[in-house]
> 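So that we are looking at the same thing, I have put the structure below in structure tokens.
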Amino acid sequence: MIEGMTALYIFMLAAVAGYEIIGRVPVILHTPLMSGSNFVHGIVLVGAMVAMGHAHTTLELVVGFIGVALAAGNAVGGYVVTERMLEMFKSSKGSN
Amino acid sequence: MHNIIQISYFIAAFLFIFGLKRMSSPLTARDGIIWAGVGMLVASLITFFEPGMENYLLMTTAIFVGGVAAFWSGKKVAMTDMPQMIALYNGMGGGAAGAIAAVELLKGDFHSQTFLTLAVLGALIGSISFSGSMVAFAKLQGLIRRPMRFPGQQLFNIAVFLVAAGFGAVLVIQGEFTGSIILIFFAAALAYGMFMALPIGGADMPVVISLFNALTGLAVAFEGFVLNNAAMIIAGTVVGSAGTLLTQLMARAMNRSIGNVLFSSFGASGGAEESVEGSMKPIDAVDAGVMMAFAERVIIIPGYGMAVAQAQHKIFELMEMLLARGVDVKFAIHPVAGRMPGHMNVLLAEANVPYDRLYDLDEINAAFLQTDVALVIGANDVVNPSARTNPDSPIYGMPILNADQAKNVIVIKRGQGKGFSGVENALFFGDNTRMLYGDGQAMVGELIEAVKEF
């Protein structure tokens with residue numbers, strides 16, 4: 001169980017990590033990074049699966065189903081869009 | 001098995017951070033998303049082995065339905081429409097966080113008050129992000145045409161938020177709940193997200209989407225605490241803080257605070273309508289082409305209009321042609337040109353324009369004074385000198401590209417309409433400005449022909 005102070009420490013360190021990653025990013029990467037971080041919170045899929053896997057009543061199951069479908073959309077769509085955007089960066093390499 | 005699952009989540013969390021780090025530099029950006037993708041695959045596959053789970057068939061169906069729909073839409077969408085797709089997928093993530101909380105609330109067995117509080121907070125934030133992102137998507141997609149505003153809107157929004165927060169507090173304090181309280185809570189949270197996004201103008205949407213992105217991250221982290229899932233906590237928190245910083249950077253690029261974007265809107269003050277002296281002077285493509293062919297220095301300023309007209313490949317041709325004649329060609333990229341920071345860079349890169357020809361606002365603004373021709377294609381508000389000179393203008397104070405300081409300005413424009421902010425552009429009326437009316441792609445094609453002839 002992650003609880004109490006441990007949870008707070010994880011929260012703080014992860015927040016610092018996120019802040020540092022974005023710290024010195026050139027403007028051209030703002031959109032791809034937004035898209036990339038949009039993909040990363042697609043990890044919500046894992047939670048949605050766990051919630052649905054433990055659902056018992058029909059209502060829980062229906063809400064869980066919606067959650068999993070939405071989360072899968074977040075993860076897959078986020079990946080596809082980010083990948084397509086970053087693909088553009090390959091052609092720039094030749095010169096520099 | 002328990003240990004294998006936990007280690008897999010740990011690896012996934014590491015790969016997310018590593019991937020994002022790679023994505024923050026142009027040299028390594030491409031493999032960054034692949035690393036993060038591997039992390040996602042590991043985490044979601046191992047979740048099938050979580051103990052005590054049921055409903056596998058339906059679960060797989062749900063993943064299939066959501067995944068295929070998103071895959072198909074993500075592959076099919078045009079590069080110009082990327083921003084609204086990010087809004088859409090982000091909203092889905094927020095909705096998923098809300099759904100997790102709803103299932104947990106319906107089950108109703110929380111280990112402690114803290115977990116219950118976090119579940120409700122995550123549900124509140126996730127629901128707001130969901131409906132807000134959907135409105136943002138609808139606006140950028142053109143489904144909602146204009147900002148919706150009415151008197152007393154801010155007070156109304158605060159009231160809706162208080163209803164959502166109030167019922168959330170009731171859930172936490174009571175500790176046991178009926179379906180109707182849960183229902184009202186979610187309905188109010190969803191309504192607030194919608195009303196929050198409705199009055200915001202299209203030009204500000206990137207900042208808002210980025211904010212919702214950060215909020216979804218936070219909601220995911222909170223639900224991660226509830227489900228005791230380290231991967232969700234870490235990934236969600238990283239996105240929450242990275243997204244917050246990204247939102248600030250974007251707002252700063254437009255010289256506005258986040259509060260200003262959210263709670264006041266372009267043109268909301270009314271009566272700011274300015275009249276500009278002078279007239280717009282047309283030019284034809286041949287004259288414009290000659291002017292560029294015999295120039296020493298040319299700066300091209302692309303905007304959203306170039307993206308819509310799909311003119312970036314023609315622009316590349318024009319650049320090649322001019323370079324072959326010994327003309328120095330540079331591109332000036334405004335931080336918010338297009339619909340998102342970096343949008344123009346991506347489109348021009350797609351058309352093979354090398355990166356070292358693209359210049360930021362700060363790098364190039366001094367160069368306009370020595371420039372013979374500034375070619376504005378599909379950009380409007382980002383070259384409006386009123387932002388520099390007219391304190392009454394709604395866009396006053398926004399950093400702009402000083403195209404008006406070039407010796408000659410050629411503006412390719414479809415018609416005489418106004419920009420996204422609805423503000424008249426003084427640049428178009430300048431003595432050194434000539435308007436080249438027509439479709440971006442067709443006009444650049446004619447410019448190429450003209451340059452070829454001479």
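In what follows, chains are A, B, ... by sequence order, proteins preceding strands, each numbered from 1. Quick note: numbers below take in every heavy atom, side chains included, and nothing from hydrogens, waters or symmetry partners.
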> Taking salt bridge (charged side-chain N to carboxylate O under 4.0 Å, His left out) as the test, write out the residues that go with B:Lys75, two or more places apart.
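B:Lys75 satisfies salt bridge (charged side-chain N to carboxylate O under 4.0 Å, His left out) with no other residue.
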> So for B:Ser73, is it side chain, backbone, both, or neither that comes closer than 4.5 Å to the heavy atoms of chain A?
neither
> So which part of B:Ala69 gets closer than 4.5 Å to some heavy atom of chain A, the side chain, the backbone, both or neither?
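When you check distances to chain A, no heavy atom of B:Ala69 falls under 4.5 Å.
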> Please examine the side chains of B:Glu54 and A:His56, heavy atoms only from C-beta on, and report whether any two atoms are closer than 4.5 Å.
yes
> Keeping the roles fixed (side chain from B:Ser241, backbone from A:Tyr19), state whether a donor-acceptor pair exists under 3.5 Å.
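Yes, because the side chain of B:Ser241 sits within donor-acceptor range (under 3.5 Å) of the backbone of A:Tyr19.
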> Check whether A:Leu33 gets within reach of chain B through its side chain, its backbone, both or neither, counting any heavy atom under 4.5 Å.
both
> Where does B:Leu218 contact chain A at under 4.5 Å (heavy atoms): side chain, backbone, both or neither?
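Answer is side chain: those atoms of B:Leu218 sit under 4.5 Å from chain A.
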> Can you check side chain to side chain contact (heavy atoms under 4.5 Å, CB included) on B:Phe71 and A:Tyr79, steps first, answer last?
CA-CA 9 Å; B:Phe71 185 83; A:Tyr79 185 87; over 6 Å; no
> Would A:Val46 and B:Glu50 count as a side chain to side chain contact (heavy atoms under 4.5 Å, CB included) here? Give the steps.
CA-CA 10 Å; A:Val46 166; B:Glu50 281 268 0; 5.7 Å; no
> Count the heavy-atom pairs under 4.5 Å between each of A:Ala75, A:Gly64, A:Ala55 and chain B, then report the option with the highest count.
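Ranked by contacts with chain B, first place is A:Ala55.
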> Tell me whether the count of non-hydrogen atoms from other residues, nucleotides or ligands lying under 6.0 Å of CZ in B:Phe10 goes above 12.
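No, not enclosed.
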> Do we see a donor-acceptor contact under 3.5 Å between the side chains of A:His41 and B:Asn213?
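Judged by distance alone, the side chains do pair up.
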> How far apart are the closest heavy atoms of A:Leu70 and B:Ala96, and which atoms are they?
CD1-N, 3.9 Å
> Is B:Tyr9 close to chain A through its backbone or its side chain, or both, or neither, when contacts mean heavy atoms under 4.5 Å?
side chain
> Is there side-chain contact between B:Thr244 and A:Ile22, with heavy atoms separated by less than 4.5 Å?
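In short, these two side chains do not touch, never coming nearer than 4.5 Å.
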> If you take all heavy atoms of B:Ala36 and A:Val40, which pair is closest and at what distance?
CB-CG2, 4.5 Å
> Could you tell me which portion of B:Leu105 (side chain, backbone, both or neither) has an atom closer than 4.5 angstrom to a non-hydrogen atom of chain A?
neither
> For a 4.5 angstrom cut-off between non-hydrogen side-chain atoms, does A:Ile10 reach B:Ile234?
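When only atoms from C-beta onward are counted, B:Ile234 and A:Ile10 do touch, with a gap below 4.5 Å.
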> For chain A, which of B:Gly19, B:Ala242, B:Ser112 has the most heavy-atom pairs under 4.5 Å?
B:Ala242
> Taking the side chain as everything from C-beta on, heavy atoms only, tell me whether A:Leu61 gets closer than 4.5 Å to B:Asn55.
yes
> Between A:Leu13 and chain B, which part of the residue has a heavy atom less than 4.5 Å away: side chain, backbone, both or neither?
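Answer is neither: A:Leu13 stays 4.5 Å or more from chain B.
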> If you look at every heavy atom in B:Ala62 and A:Val68, which pair is closest and at what distance?
CB-CG1, 3.6 Å
> For the residue pair B:Leu20 and A:Ser37, establish whether any side-chain heavy-atom pair is separated by less than 4.5 Å.
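They are in contact (side-chain heavy atoms under 4.5 Å apart), so the answer is yes.
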